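Both counts, for ligands and for their atoms, begin at 1 and track the order of listing. Heavy atoms only: backbone and side chains are in, while hydrogens, waters and symmetry mates are out. Because the structure is a prediction, the values reported are computed rather than measured.
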Amino acid sequence: MAVLAPLSFPWPGETMVSRVRHVFAPEEVESRADLLVIDATVETLWGARLLWNTPRVVIQGGEDCKTLSNLQKLWKAFSEEGINRESTVCVAAGGSLCDLGAMAASTWMRGVRLELVPTTLLCMVDACLGGKTALNAHGAKNQVGTFHPAEDITICSAFLSTLQERELQAGFSEAVKTALIGDPGITDCLKNRDFDGAVFRCLSVKGGIVIKDPHDRGIRRVLNLGHTLGHALEMLLPLSHGEAVALGMPAAARMGGGETFAREIAHVLSSFGLPVTLPRPVSVEEVLSLIRRDKKTGSAGRTWVVPRGWGDCSLVTITPEREEKLLEGALRVIRP
Ligand SMILES: NC(=O)c1ccc[n+]([C@@H]2O[C@H](COP(=O)([O-])OP(=O)(O)OC[C@H]3O[C@@H](n4cnc5c(N)ncnc54)[C@H](O)[C@@H]3O)[C@@H](O)[C@H]2O)c1
């Protein structure tokens, strides 16, 4: 097995570069952090193998960690450890705690240097790159956030050996999303359980897009494929983020009229063990009440990301009247 070549993504208009490196074992992760924020499960399973000697703040990861009180807990730790503009904070966790820890790093003294060590597949293939930070607030996902990219990202797929199957599948979902957006070959890596290959191909696609539109005003919005409906389903039903996105993708294809392609996407997702039917029926009204809070709503209507083929997605603005009708058809594709 070869060490994969590092990837490097320069941020437009800034001197900042996000670098992605690959190591085989946690002991090889190098860091210049002054403080490590670490997921409690990761600390228990892997903490002793992360060798650098910095103070640690341990927080239980998972969606529920993205709260204001945990943000305050991190600010308190930063204060106690004397974190300042010259300091570096590292987060070793899945996407939830990386979102929260990155937000803490982004807001402390208007921004301190950030490193990420993603420990879930979803975070490796997607959440670790691109600079989005987030908290959930007022019943909506990622309602509060900033842009604050990590300068160093270290990929070590050994962490995946302790991940529960359901969490692994959540990563498959975001990786299939990236295959639909820009690199169909990613699905072969997943079939062969070549996680390093899948991660590097996913990050190449995502990085290539985010550096063209770092603040999510144009082309970057294709990365939201499956998320418009997915976020609503995640709020309504007992689904993980990845499962909800998996249900959102065939539905998005159907929103664009592609019933056959919707079924093909569903078939690929189910081959990775992902759900392709809802755990219970949901109504258009239930979904719309949540989707209306979506950040991607403009005056002409909402922008949906519609997959038309592998590696071929477009942004389509749909008026409220058409949206209701199309959504009915989309929910039919994934009905129980
Ligand atoms: N910022 C972004 O661009 C971006 C992109 C996609 C998703 N996200 C966010 O990512 C979050 C989902 O993240 P996730 O799927 O990585 O899961 P997660 O961070 O919620 O973690 C899921 C569970 O796995 C555990 N875990 C983490 N690493 C482990 C390991 N190596 N072994 C065993 N258990 C481990 C955690 O403790 C937690 O219980 C969502 O909040 C989503 O909004 C952010």
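- Atoms of ligand 1 found under 4.0 Å from any heavy atom of Lys206 (numbered from 1 in listed order, with element): 3 (O).
- The pair Arg221-Asp213 fails the salt-bridge criterion, with no side-chain N (NZ, NE, NH1 or NH2) lying under 4.0 Å from an Asp/Glu carboxylate O.
- Hydrophobic clustering of Ile, Leu, Val, Met, Phe, Trp and Tyr side chains at less than 4.5 Å, counting indirect connections, unites Met249 with Leu223.
- Using a cutoff of 4.0 Å between basic side-chain nitrogens and carboxylate oxygens, Glu86 and Arg113 are not scored as salt-bridged.
- The N/O atoms of Thr41, backbone and side chain alike, include one that comes under 3.5 Å of an N/O atom in ligand 1.
- Close approach of ligand 1 to Asp39 is summarised as follows: ligand atoms under 4.0 Å from at least one heavy atom of the residue are 27 (C), 36 (C), 37 (O).
- Here the protein heavy atom with the shortest distance to atom 15 (O) of ligand 1 is Leu122 CB, 3.5 Å.
- Considering Asn224, Thr119, Asp64, Asp99 only, the shortest heavy-atom separation from atom 28 (N) of ligand 1 involves Thr119.
- In this structure, Glu243 CD and Leu233 CG are separated by 11.0 Å, a value rounded to the nearest 0.5 Å.
- At least one N/O-N/O distance between Phe159 and ligand 1 falls below 3.5 Å.
- We find the NZ-CG distance between Lys66 and Leu97 to be 10.5 Å, quoted to the nearest 0.5 Å.
- Distances from ligand 1 to the non-hydrogen atoms of Gly130 include no value under 4.0 Å.
- In summary, the atoms of ligand 1 found under 4.0 Å from a heavy atom of Leu45, numbered by their order in the structure, are 32 (N), 33 (C).
- Salt bridge status for Arg280 with Glu286: present, with a side-chain N to carboxylate O gap under 4.0 Å.
- At a 4.0 Å cut-off, not a single heavy atom of Lys177 sits close enough to ligand 1 to count as contact.
- Within ligand 1, counting atoms from 1 as listed, the ones closer than 4.0 Å to a heavy atom of Thr120 are 14 (P), 16 (O), 27 (C), 28 (N).
- Selection from Leu121, Thr162, Val210 by nearest heavy atom to atom 32 (N) of ligand 1 gives Thr162.
- Residue-ligand proximity: Lys141 is placed with a non-hydrogen atom under 4.0 Å from ligand 1.
- Checked by atom type, the side-chain pair Glu115/Ser31 shows a donor-acceptor distance below 3.5 Å.
- Ring planes of Phe272 and Phe172: tilted class, angle from 30 to 60°.
- Considering backbone and side-chain atoms together, Gly95 places an N or O closer than 3.5 Å to an N or O of ligand 1.
- Comparing Glu234, Glu63, Glu174 by heavy-atom distance to atom 41 (O) of ligand 1, the nearest is Glu63.
- Exactly one residue among Leu229, Val305, Thr228, Leu327 makes a side chain to side chain contact (heavy atoms under 4.5 Å, CB included) with Met255. That residue is Leu327.
- Between Glu167 and ligand 1, no pair of N/O atoms sits closer than 3.5 Å.
- A salt bridge links Glu80 to Lys76: at least one charged side-chain nitrogen sits closer than 4.0 Å to a carboxylate oxygen.
- Of the polar atoms of Asp126, none of the N or O atoms is found under 3.5 Å from an N or O of ligand 1, judged by distance alone.
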